[in-house]
Amino acid sequence: MQTKNNSSEEKSYKEYLKHISTFIFDVDGVLTDGNIQVNTNGEMFRTMNVKDGYGLKTAIDQGFNICIISGGSNNGVRLRLQNLGIKDVFLGADNKTKILEDYLSKNNIKPENTLYMGDDLPDYKIMQEVGLPTCPQDAVPEIKAISKYVSHKKGGKGCVREVIEQVLKVQEKWMTTEKVSAKYD
């Protein structure tokens with residue numbers, strides 16, 4: 001993973017990771033590779049990475065808050081996320097920043113304890129509202145420029161698992177329980 005250092009006073013990315021209690025993710029381009037397959041009936045299909053699912057489930061099992069905020073709206077995506085145990089899924093979001101503010105307020109979460117991963121311009125404003133803005137390796141340049149943490153993995157190819165694993169390792173919560181969840185696929 002790479003960290004953006006705009007000044008010599010910038011904190012190491014590991015300093016940010018120590019204080020994260022909440023992960024917020026976009027869907028298309030983060031949990032998926034951004035491709036959409038459309039069948040002859042107009043149904044849209046996305047592909048999600050099982051390793052990302054394992055990371056999400058592990059974070060939930062370790063007591064982290066997980067929230068999904070996406071402009072896209074797909075029932076299959078909602079079902080997949082709910083099957084992983086994610087309760088806070090906001091799809092079809094027109095105003096991501098408002099949803100973030102409401103979510104943080106409702107759950108008494110400080111923005112500085114929040115990590116958001118986005119990949120494209122609709123994520124720009126919300127990423128400026130969190131303590132740790134992050135992105136996949138293949139995010140657009142404007143998003144990379146404001147990210148404090150850039151994954152080596154592309155969207156839909158394990159970037160979510162990578163960032164979750166880094167946080168859990170820094171907080172000494174990775175592989176600390178005997179229970180390893182099998183329900184992530």
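- Of all non-hydrogen atoms in Cys159 and Gly156, the two that sit nearest each other are SG-N, 4.4 Å.
- Salt bridge annotation for Lys96-Asp26: present, with a cationic side-chain nitrogen under 4.0 angstrom from a carboxylate oxygen.
- A 4.5 Å side-chain heavy-atom check between Val77 and Arg46 finds at least one atom pair inside the cut-off.
- Remark: side-chain polar atoms of Glu162 are not paired, donor with acceptor, to backbone N or O of Ser151 under 3.5 angstrom.
- Salt bridge present: Glu15 and Lys18 bring a charged side-chain N and a carboxylate O closer than 4.0 Å.
- Taking CD1 from Ile66 and CG from Leu81, the interatomic distance works out to 10.5 Å, rounded to the nearest 0.5 Å.
- Summarising the local packing, CG of Asn108 is surrounded by 12 or fewer heavy atoms from other residues, nucleotides or ligands at distances under 6.0 Å.
- Counting non-hydrogen atoms of neighbouring residues, nucleotides and ligands closer than 6.0 angstrom, the CG atom of Asn39 exceeds 12 such neighbours.
- Hydrophobic clustering of Ile, Leu, Val, Met, Phe, Trp and Tyr side chains at less than 4.5 Å, counting indirect connections, keeps Phe45 apart from Leu31.
- If you chain together hydrophobic residues whose side chains sit under 4.5 Å apart, Ile99 and Leu121 fall into the same group.
- The nearest pair of heavy atoms linking Met127 to Pro133 is O-CB, 3.4 Å.
- In the hydrophobic cluster analysis, where Ile, Leu, Val, Met, Phe, Trp and Tyr join through side-chain heavy atoms closer than 4.5 angstrom, Met175 is grouped together with Ile60.
- Within the 4.5 Å cutoff, side-chain heavy atoms of Val27 are placed close to those of Thr32.
- Looking only at distances, no side-chain donor or acceptor of Asp33 sits under 3.5 Å from a matching main-chain atom of Lys154.
- By the 4.5 Å heavy-atom criterion applied to side chains, Thr22 and Tyr103 are counted as neighbours.
- Using modelled atom types, no side-chain atom of Lys153 and backbone atom of Pro136 make a donor-acceptor pair closer than 3.5 Å.
- Summarising the geometry of Gln171 relative to Leu17, their closest heavy-atom pair is NE2-O, 2.8 Å, with the distance given to 0.1 Å.
- Residue pairs meeting the ring pair (Phe, Tyr, Trp, His ring centres under 6.0 Å) criterion with at least one member in residues 115-138: none, sequence neighbours excluded.
- One N or O on the side chain of Asn74 and one on the backbone of Gly76 form a donor-acceptor pair closer than 3.5 Å.
- In this structure, NZ in Lys125 is found 12.5 Å from CD1 in Ile146, a value given to the nearest 0.5 Å.
- With sequence neighbours left out, Thr114 forms a side chain to side chain donor-acceptor pair (under 3.5 Å) with no residue at all.
- Between Asp52 and Val30 the shortest heavy-atom distance is OD2-O, 4.2 Å.
- Rounding to the nearest 0.5 angstrom, the gap separating the CG atom in Leu115 from the SG atom in Cys67 is 12.0 Å.
- Within the 4.5 Å cutoff, the side chain of Glu129 has no heavy atoms near those of the Pro111 side chain.
- Interatomic distance, Glu101 CD to Ile126 CD1, rounded to the nearest 0.5 Å: 9.0 Å.
- Residues Leu79 and Tyr54 fall into different hydrophobic clusters, defined by Ile, Leu, Val, Met, Phe, Trp and Tyr side chains chained together at heavy-atom separations under 4.5 Å.
- Residues Glu112 and Ile20 come closest through the heavy atom pair O-CD1, 4.4 Å.
- Using a 4.5 Å heavy-atom threshold, the side chains of Phe64 and Thr58 count as separate.
- Here the closest non-hydrogen pair linking Asp28 and Asp119 is O-OD1, 3.1 Å.
- In this structure, Lys144 and Gln137 have side chains that are in contact, with non-hydrogen atoms separated by less than 4.5 Å.
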